[in-house]
Amino acid sequence: MHRDRRERRCIPTAGSWMMAETDRFMQERERKREALRAAGVDPYGGRFPDVEPTVDVRARADVVDIPVGQKLADFTARMAGRITLLRDIGKLAFLTVQDRTGTMQFGLSKGDLGDAQWTVFKQLDLGDIIGGEGIIGRTKTGELTLWLTRLTVLAKALRPPPEKWHGLTDVELRYRHRYVDLFSNREEVYEVFRRRSAIIHAIREYLVDLGYLEVDTPVLQPIYGGAAARPFVTHHNTLDMDLFLRISPELYLKRLLVGGMERVFEISRNFRNEGISPRHNPEFSMIELYEAYADYHVMMERTEGMVAAAIEVIGNRESPIVDREAGIEQSRDREGAVPFGKSPTELSGFGGTGSAFQRPFGEHMLNFAPPWRRAKYADLFREHAGLDIKDKPGVLERAKSEGIYQKLTKSIGDGHVHVKPDPAAEGSLIDHDVLVNELFDVLVQPHLIQPTFVYDYPASICPLTRRHPEDPSIALRFEAFVAGMELGNAYTELNDPRVQEENFRRQVAGEGDETMAVMDEDFVTALEYGMPPAGGLGVGIDRMVMLLTNSRSIRDVILFPLQRKGGVS
RNA sequence: GAGGGCGUAGCUCAGUCGGUAGAGCACCUGCCUUUUAAGCCGGUGGUCGUGGGUUCGAGUCCCACCGCCCUCACCA
């Protein structure tokens, strides 16, 4: 039947389709698969128990003296993985086999393996998944090698893997076919997600050790709230009810404070129907935590503690393979990219930096050693803008010279800009506070490279936030910035039900920065039962992973970032 | 949503002034018992993102559309 196929493609009639390149590769591999079946070999294997990871085999080999060019008959191993390189020397072959911990060279000798097994080997291709049993040795060049006495086919790959040296570099293909990205760009991509897992694990451990309870609250919410963002809307058929995908778990977690969960956290996937950028994905992960009897100063320590715990757990690790790095770096340089990416020294942890809390990020070296810098909003504004935040004429003048004023007045009417109630009042069409905030974004935020807590925001910028008891113009809030990027946001939480109720009313009326569809009356009811004073904190997990893996785009730390449908198949 | 860039073989990339579409890897035939991106001989493989247009002739020029990336806006 294979012959039929080949003949068909060899006789292109006028106007017929030429054989697609992909089909040629796949049909060749299908031919080999059928050859395996004809020889009584299942090309998709089955249970293959007691497989030893590469790192374990290498660790065992490290404590044994294996002379170069020798095999140790009593050093046996049983391993499995994907063939990433295949060197066929005639009656001898070397395969590089990759598992989750690294790569191992398999050596195959026709004489040792026997004709039947050698025939099986001849049907293998790059990308196939195999198991092997044999004895460990070292080749002439000292390479640790598993010399097979038995070869098992576990999965015949029908599609060829990407080019073996460059791997997959097309970013669109990398995101759409992440499974290929993961095995073909193993050293960079797999490592990022290994770290992501370790970071989340470390955060959990850190908080649980502090007596926190991890919870799950609704993703499908009849009323959304807790942040300023447009939601995704969905519908429950049987209940015939519109629901929102949560933009934040905040209002549910605070209900749990009322219920007596004094220390509570959730690692929550949130969904915001907003724009997409290298720092924004429509669905993203955040850790939110609430601690009774604490305040936002305590939350600064929690932020430092979580990051320190994360760095500790990802720090000490030798990268098993780094050879292909040079090629990746070159391709990025061709695009004129900044020096992001993982160098061998970075992958191995603390290489040459002196402090365990230092991490490279782009052209910066970030120092996460606690305590991080703590700076008041107004002080930073004075430092970088040279202005007092209450200096209305000065702020207006600077906003004009920076082009911010012009940009804002131009976009009045799109619903995002707050027009001053009485424009004539001070010769400005834009709220003073809006101008301050815009100037902060442009003049201050980009300079906040090293981890910095910006605290005591002007209350006018965050109208829904609890005020400082001694200075009502100050809001009890901080934001954590690293590399010019917002990493976290925290408050001394509002627990006065009447103030909360009033805030909701203003939100519904669209007066504040946030708007919402309807008031969450049940949340007010909860506060009426009494919520302990508390500190609350939200930290973006994806951004934290970006910072700790030197990743320039949020899409590089999310396994399957949202892509438009269509595109390359 | 606005502006800019990109899309050529399965993968990584060349393609000059508009004049028969190329290389490496991969794949196929053959050789090779210590390779390290193995090597050597020979060979196959293309709807140049899609659709229109200009032209004697379009990968190349023009228009529209699709997808990706970047900047801005919204947002975290």
Side-chain angles (χ1 to χ4, degrees), chain A residues 6 9-10 17-29 31-32 68-69 71 84-96 103 105 107-112 125-127 137-143 145 147 159-176 180 184 227-230 247-248 270 272-282 284-286 323-324 327-328 330-331 334-337 407-408 410-411 414-417 479-480 485-489 513-514 538-543 552-555 561 563-569:
Chain A
R6 300 174 92 181
R9 97 180 113 121
C10 288
W17 287 112
M18 295 301 289
M19 180 60 57
E21 183 70 0
T22 312
D23 290 344
R24 277 181 65 249
F25 281 91
M26 292 184 65
Q27 290 192 4
E28 190 58 42
R29 284 162 178 259
R31 181 182 63 77
K32 293 176 180 173
V68 165
K71 307 170 190 174
T84 58
L85 289 172
L86 193 158
R87 296 178 286 277
D88 185 351
I89 323 281
K91 294 184 182 62
L92 189 72
F94 295 98
L95 313 186
T96 301
T103 61
Q105 175 164 278
L108 288 77
S109 155
K110 187 179 183 187
D112 294 348
D125 288 297
L126 291 177
R138 287 195 188 279
T139 62
K140 277 182 184 171
T141 52
E143 179 85 16
T145 302
W147 289 98
R159 292 177 186 271
E163 210 258 358
K164 61 188 176 187
W165 186 244
H166 299 94
L168 196 63
T169 62
D170 182 297
V171 290
E172 181 176 358
L173 279 174
R174 288 185 47 225
Y175 298 150
R176 289 186 191 274
V180 178
S184 74
R230 288 147 69 200
I247 59 172
S248 157
N270 300 329
R272 298 190 182 175
N273 210 336
E274 305 281 357
I276 296 175
S277 86
R279 288 162 298 282
H280 303 264
N281 197 60
F284 67 103
S285 296
M286 163 173 277
D323 295 338
R324 211 184 280 159
I328 297 288
Q330 279 170 13
S331 67
R334 269 199 296 279
E335 294 157 10
K407 187 191 74 181
L408 288 175
K410 209 169 150 190
S411 55
D414 67 3
H416 298 303
V417 176
E479 286 194 284
M485 182 167 71
E486 185 188 344
L487 175 66
N489 191 8
D513 283 344
E514 309 181 22
V539 172
I541 296 283
D542 311 286
R543 289 182 175 180
R552 129 178 59 175
S553 169
I554 197 169
R555 279 172 239 117
Q563 301 283 98
R564 287 178 202 269
K565 61 184 174 185
V568 287
S569 59

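Residue numbering restarts at 1 for every chain, and letters A, B, ... go by the order of the sequence lines. Worth knowing before you read on, the calculation uses all heavy atoms, side chains too, and leaves out hydrogens, waters and symmetry mates.
For the pair A/Leu126 CG and B/G24 P, the interatomic distance rounds to 18 Å; values are reported in whole Å. One can place NE2 of A/His166 at 9 Å from C1' of B/G24, the figure rounded to the nearest angstrom. Between the CG atom of A/Asp125 and the C1' atom of B/C25 there is a distance of 15 Å, given to the nearest Å. Regarding A/Trp165, its CH2 atom lies at a distance of 16 Å from the C1' atom of B/C13, rounded to whole Å. Atom CD of A/Glu163 and atom C1' of B/A26 are 8 Å apart (whole Å). For the pair A/Lys71 NZ and B/U35 P, the computed distance is 14 Å after rounding to whole Å. Residue A/Ile276 contributes atom CD1, which lies 9 Å from atom P of B/C68 at whole-angstrom precision. B/C68 atom P lies 12 Å from atom CG of A/Leu173, rounded to whole Å.
When each of B/A76, B/C27, B/C68 is scored by its nearest atom to the side-chain atoms of A/Glu28, the top-ranked nucleotide is B/C27. Between B/C25, B/A76, B/C28, one nucleotide has an atom nearer to the side chain of A/Lys32 than all others, and that is B/C28. Minimum atom distance to the side chain of A/Lys164 is reached by B/A38, of the listed B/A38, B/C69, B/G67. You'll find that the side chain of A/Glu274 is closest to B/C74, out of B/U12, B/C74, B/A76. Side chain of A/Val171, nearest nucleotide from B/C70, B/C69, B/U33: B/C69.
Regarding contacts with the backbone of B/C74, every side-chain N or O of A/Arg230 stays at 4.0 angstrom or more from both OP1 and OP2. At B/U33, none of the side-chain N or O atoms of A/Lys110 fall inside 4.0 Å of OP1 or OP2 (strictly under the cut-off). In this structure, A/Arg87 does not reach the B/A37 phosphate: none of its side-chain N or O atoms is under 4.0 Å from OP1 or OP2. OP1 or OP2 of B/U35 has not a single side-chain nitrogen or oxygen of A/Lys91 nearer than 4.0 Å. The phosphate of B/C69 (OP1 or OP2) has a side-chain N or O of A/Arg555 nearer than 4.0 angstrom. Side-chain nitrogen and oxygen atoms of A/Lys140 include none within less than 4.0 Å of the OP1 or OP2 phosphate oxygen of B/A38. When the side-chain nitrogen and oxygen atoms of A/Thr169 are compared with OP1 and OP2 of B/U12, one or more of them lie within a distance under 4.0 Å.
In terms of polar N and O atoms assigned as donor or acceptor, the side chain of A/Gln105 comes within less than 3.5 Å of the base of B/U35 in a complementary pairing.
With a cut-off of 3.5 Å on both pairing distances, the Watson-Crick or G-U wobble partner of B/A23 is B/U12. Within the shown strands, nothing qualifies as a pairing partner of B/U54 under the Watson-Crick or G-U definition with both distances less than 3.5 Å. Searching all strands for a Watson-Crick or G-U wobble partner of B/U60 with both distances below 3.5 Å returns nothing. Using the Watson-Crick or G-U wobble rule with both distances under 3.5 Å, B/G7 pairs with B/C66. In this structure, B/U71 forms a base pair with B/A2, meeting either the Watson-Crick or the G-U wobble geometry with both donor-acceptor distances under 3.5 Å. When both pairing distances are held under 3.5 Å, B/G42 makes a Watson-Crick or G-U pair with B/C28. B/G18: no Watson-Crick or G-U partner with both key distances under 3.5 Å is found in any strand.
A/Glu486 comes within 4.0 angstrom of the backbone, heavy atoms only, and of no base. Using a 4.0 Å heavy-atom distance criterion, A/Asn270 is classed as making no nucleic acid contact. As judged by a 4.0 angstrom heavy-atom cut-off over every strand, A/Leu487 is placed among residues making no nucleic acid contact. Residue A/Pro278 is classed as a sugar-phosphate contact, given heavy-atom separations below 4.0 Å to backbone atoms only. Base engagement by A/Gly275 is indicated by at least one non-hydrogen atom pair under 4.0 Å involving a base atom. The residue A/Gly538 sits apart from the nucleic acid: no heavy atom pair falls under 4.0 Å. Within the nucleic acid shown, A/Tyr175 comes within 4.0 Å of sugar-phosphate atoms alone, with no base atom in reach, counting heavy atoms only.
Two residues, A/Arg279 and A/Gln563, neighbour RNA chain B, and the one matched to the more 5' nucleotide by heavy-atom proximity is A/Gln563. Taking for each of A/Asp88 and A/Asp112 the nucleotide of RNA chain B with the nearest heavy atom, the 5'-most of the two is the partner of A/Asp112.
Comparing the P positions of B/A9 and B/U47 gives an interatomic distance of 9 Å, to the nearest angstrom. On the C1' atoms, B/G51 is 15 Å away from B/G67, given to the nearest whole Å. With C1' as the reference atom, B/U16 and B/C63 are 26 Å apart, rounded to whole Å. Remark: the separation of the C1' atoms in B/C28 and B/C6 is 34 Å, to the nearest Å. Remark: the separation of the C1' atoms in B/A38 and B/C25 is 13 Å, to the nearest Å. Across B/A64 and B/C27, the matching P atoms stand 43 Å from one another, rounded to whole Å. For the C1' atoms, the distance linking B/G52 with B/C66 amounts to 15 Å, nearest Å. Remark: the separation of the C1' atoms in B/U55 and B/G19 is 12 Å, to the nearest Å.
Taking every heavy atom of both residues into account, A/Ala93 and A/Asp88 meet most closely at CB-CA, 4.1 Å.
One N or O on the side chain of A/Ser277 and one on the backbone of A/Arg279 form a donor-acceptor pair closer than 3.5 Å. At distances below 3.5 Å, at least one donor-acceptor pair connects side-chain atoms of A/Asp542 with backbone N or O atoms of A/Ser285. Panel note: side chain A/Arg543, backbone A/Glu486; a donor-acceptor pair is recorded below 3.5 Å. Side chain of A/Glu274 to backbone of A/Arg230: a donor-acceptor contact under 3.5 angstrom is found. No side-chain donor-acceptor contact under 3.5 Å links A/Arg138 to the backbone of A/Glu143. A donor-acceptor contact shorter than 3.5 Å is absent between the side chain of A/Asn281 and the backbone of A/Phe284.
Residue side chain A/Phe25 fails the stacking definition with respect to B/A26, as its ring centre and the base's six-membered ring centre are not both under 5.5 angstrom apart and under 30 degrees in plane angle.
In this structure the side chain of A/Arg555 reaches within 4.5 angstrom of the side chain of A/Tyr175, judged on heavy atoms.
Side chain to side chain, A/Arg87 and A/Gln105 meet the donor-acceptor criterion of an N or O pair below 3.5 Å.
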